[in-house]
Amino acid sequence: MAMTATEKHLARASGNGVVKPGDVVVIEPDVVLSHDNSAAIAQLFEQLPHQRIRYPERLAITLDHAVPPPSPRHARNHQAVRRFVREHGIRNFYEVGRGICHQVLCEEGLVGPGMTLLGADSHSTHFGWLGAFSAGIGRSEVAALWATGELWLRVPETIRITLSGQLKTGVSSKDLTLHLIGRLSSEGANYKAVEFDGYGLTSLTLDSRAVLTNMMAEMGAKNAWIAPDDIIWGWLEQVMRRTRARDYQDRLAYFRDNVLYADADADYAEHHQLDLGRMEPMLSCPHAVDNVLPLSEVGETPIDLGFIGTCTNGRLEDIAAAAEVLRGQKVRARLLVIPASSMVLRDASEAGYIATLIDAGATVGTPGCGPCMGNHMGVLAPGEVCISSANRNFRGRMGEPDAQIYLANPAVVAASCVAGYIVHPADLL
């Protein structure tokens with residue numbers, strides 16, 4: 001029986017030869033992800049009769065959502081996470097400043113082609129850009145996974161999205177993703193897998209591919225997936241030389257041995273085709289991610305703050321795009337830039353991008369989630385308007401219900417901060 005990539009991953013993880021949409025399977029994921037919420041999950045775990053973590057080597061924990069801690073409450077939470085990590089011998093633990101969980105686990109080579117990850121974060125769809133199955137689950141489910149090492153899932157139907165053509169200058173995969181969510185709605189992929197294919201993928205940079213799988217969470221997807229190609233294999237080797245110098249070759253061989261691909265004759269619930277050459281810069285307008293309009297149809301809306309960062313658009317390519325716009329300019333609106341990881345921060349510094357941002361008047365923050373969920377490092381005041389490269393813009397997302405958030409690609413965010421209102425980079429005077 002022909003299977004999609006998602007079905008193949010769940011068949012392997014459950015020990016079944018074949019699965020189909022609607023089947024309920026019990027899987028053992030390769031990686032179980034959590035972050036600052038690990039302290040709350042630990043409280044649930046301690047209520048279970050199990051005394052020890054079943055597979056401590058499968059856990060990966062980061063501190064990233066409120067870093068550095070903005071209050072004594074957050075500091076106590078971090079303290080509890082560190083204590084839990086020590087008591088249970090969790091090796092894959094990443095401290096304040098290392099970066100956002102989704103970015104860090106990719107850089108560290110903990111997740112790769114053919115692997116299965118379940119995470120206590122809604123944007124755990126992210127890891128599909130490397131050819132992995134990855135899905136977000138709840139805290140109680142993670143506690144159960146810590147205790148037993150297994151969890152049941154329903155096999156989702158799969159949406160196939162075929163990309164052709166090439167993005168124009170000034171258009172990014174963020175615009176493609178917003179277009180897609182606006183077209184299919186924020187519920188268009190509820191509990192479905194989304195698999196991308198087509199020649200158009202080859203024209204997308206590595207950083208931009210992660211945007212696609214990450215933001216499928218905003219379309220309701222259970223998981224998202226892109227087939228690994230030579231560009232992905234090259235990136236994996238390069239990045240693991242930096243983070244796993246001693247065993248990167250063994251790790252790469254493991255990924256190559258376990259990679260999975262969809263069958264050519266697999267069945268899909270839906271099939272959509274998109275020409276990248278027809279894409280244009282898009283905006284997600286307040287207060288819903290699927291409230292999408294072309295930038296050309298949005299007037300010169302004044303802004304107070306621009307934010308570039310998050311697991312969606314805080315990578316090197318995003319910072320480079322902002323620096324290109326800001327070179328020789330000064331911002332009129334506040335601009336906050338937070339790299340997705342310490343590796344991104346270092347690379348951006350060495351490339352001169354950070355100096356360009358600072359010279360233009362931007363503020364650069366500690367790698368992490370920052371104000372994305374309204375914790376700190378740039379939350380909004382009543383009545384303020386923000387243009388952000390993040391993934392969500394519902395009311396109160398950045399801490400203040402009486403504020404407005406527009407989502408856009410990083411170049412548009414940077415240009416808008418220079419102008420003081422929403423604008424296309426090409427229209428800067």
Side-chain angles (χ1 to χ4, degrees), residues 5 9 12-13 29-35 55-64 85 90-95 97-119 121 123-134 201-202 204-214 223-261 311-312 314-320 339-351 367-368:
H9 280 82
R12 173 192 284 169
D30 300 298
V31 180
V32 182
L33 162 70
S34 57
H35 42 68
Y55 300 115
E57 69 278 7
R58 296 181 184 177
L59 271 60
I61 297 176
T62 62
L63 292 178
D64 61 4
V85 165
I90 309 303
R91 297 194 302 269
N92 300 317
F93 172 62
Y94 302 97
E95 261 288 2
R98 179 61 183 92
I100 304 173
C101 54
H102 310 301
Q103 180 73 15
V104 171
L105 267 60
C106 294
E107 293 174 349
E108 293 287 339
L110 293 184
V111 184
M115 296 188 71
T116 302
L117 174 145
L118 296 177
D121 187 278
H123 292 102
S124 294
T125 56
H126 181 97
F127 301 94
W129 80 282
L130 290 177
F133 173 92
S134 56
L201 279 172
T202 63
L204 295 181
T205 62
L206 291 174
D207 283 355
S208 66
R209 296 183 194 192
V211 180
L212 296 180
T213 55
N214 181 288
N223 69 291
W225 182 86
I226 297 173
D229 57 13
D230 289 343
I231 301 174
I232 289 292
W233 292 114
W235 181 86
L236 283 167
E237 180 171 6
Q238 181 184 40
V239 76
M240 286 192 297
R241 280 177 181 267
R242 297 175 66 177
T243 58
R244 305 178 68 104
R246 294 181 179 179
D247 71 342
Y248 82 91
Q249 291 180 323
D250 291 341
R251 192 63 172 167
L252 194 61
Y254 176 82
F255 291 152
R256 289 191 180 278
D257 289 342
N258 286 278
V259 64
L260 294 169
Y261 295 97
C311 57
T312 305
R315 284 173 288 280
L316 185 63
E317 176 182 280
D318 306 310
I319 295 173
S341 73
S342 56
M343 183 180 291
V344 172
L345 175 58
R346 178 175 179 175
D347 290 346
S349 298
E350 292 178 351

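When a residue number appears, it is its place in the shown sequence, counting from 1.
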Legend entry - Interatomic spacing from OG1 in Thr116 to CZ in Arg12 - rounded to 0.5 Å: 7.5 Å
Inset, instruction - For residues Leu206 and Trp129, determine if any side-chain heavy atom of one lies less than 4.5 Å from a side-chain heavy atom of the other. - result: yes
Inset, instruction - Answer yes or no: does atom CD of Glu350 have more than 12 heavy-atom neighbours from other residues, nucleotides or ligands under 6.0 Å? - result: yes
Legend entry - Asp257 atom CG: more than 12 heavy-atom contacts under 6.0 Å: yes
Legend entry - Minimum heavy-atom distance between Val259 and Pro113, given as atom pair plus value: CG2-CB, 3.7 Å
Legend entry - Side-chain touch Ser124/Leu117, heavy atoms, less than 4.5 angstrom: yes
Legend entry - Non-neighbouring partners of Arg241 that pass side-chain hydrogen bond (donor to acceptor under 3.5 Å, both in side chains), sequence neighbours left out: Glu237, Tyr248
Inset, instruction - Measure across Ile319 and Gly314 and return the closest heavy-atom pair with its distance rounded to 0.1 Å. - result: CD1-O, 4.2 Å
Legend entry - Close side-chain approach of His9 to Asn223, heavy-atom, < 4.5 Å: no
Legend entry - Within-4.5 Å side-chain heavy-atom neighbours: Leu236 and Arg251: no
Legend entry - Validation row: Trp235, Cys106 side chains within 4.5 angstrom (heavy atoms): yes
Legend entry - Spacing of Ile90 atom CD1 and Leu59 atom CG [to the nearest 0.5 Å]: 4.5 Å
Inset, instruction - Check each of Arg315, Arg346, Arg244, Arg98 against Glu107 using the salt bridge (charged side-chain N to carboxylate O under 4.0 Å, His left out) test, and report the only one that passes. - result: Arg98
Legend entry - OG-CG distance between Ser134 and Asp121, expressed to the nearest 0.5 angstrom: 11.0 Å
Legend entry - Sequence-distant partners of Thr62, side chain to side chain contact (heavy atoms under 4.5 Å, CB included), two or more places apart: His35, Asp64, Tyr94, Cys101, Leu105
Inset, instruction - Might you point out which heavy atoms bring Arg209 and Ile232 nearest each other, and give the distance in Å? - result: NH1-CG1, 3.7 Å
Legend entry - Atom pair CD/OG1 of Gln238 and Thr243 - distance to nearest 0.5 Å: 11.0 Å
Legend entry - Distance-minimising heavy-atom pair for Trp225 and Thr213: N-CG2, 4.1 Å
Legend entry - Qualifying residues under side-chain hydrogen bond (donor to acceptor under 3.5 Å, both in side chains), relative to Thr205, sequence neighbours excluded: Ser208, Glu317
Inset, instruction - On the 0 to 90° scale, with breaks at 30° and 60°, tag the His123-His102 ring pair as parallel, tilted or perpendicular. - result: perpendicular
Legend entry - Heavy-atom check, side chain of Leu118 versus side chain of Arg58, under 4.5 Å: no
Inset, instruction - Over all heavy atoms of both residues, which pair between Cys311 and Asn214 is shortest? Give the atoms and the distance, please. - result: SG-ND2, 3.2 Å
Legend entry - Verdict with reasoning, Glu108 to Asn92, per side-chain contact (heavy atoms from CB on, under 4.5 Å): CA-CA 9 Å; Glu108 293 287 339; Asn92 300 317; over 6 Å; no
Legend entry - Met240 and Phe255, any side-chain heavy atoms less than 4.5 Å apart: yes
Inset, instruction - Measure across Ala60 and Leu110 and return the closest heavy-atom pair with its distance rounded to 0.1 Å. - result: CB-CD1, 4.1 Å
Legend entry - Contact check, side chains of Leu204 and Leu212, non-hydrogen atoms, under 4.5 Å: yes
Inset, instruction - Report yes or no: does Asn258 contribute a side-chain atom to a donor-acceptor pair with the main-chain N or O of Tyr254 at less than 3.5 Å? - result: yes
Inset, instruction - Enter the distance from Phe127:CZ to Ile226:CD1 here, rounded to the nearest 0.5 Å. - result: 14.0 Å
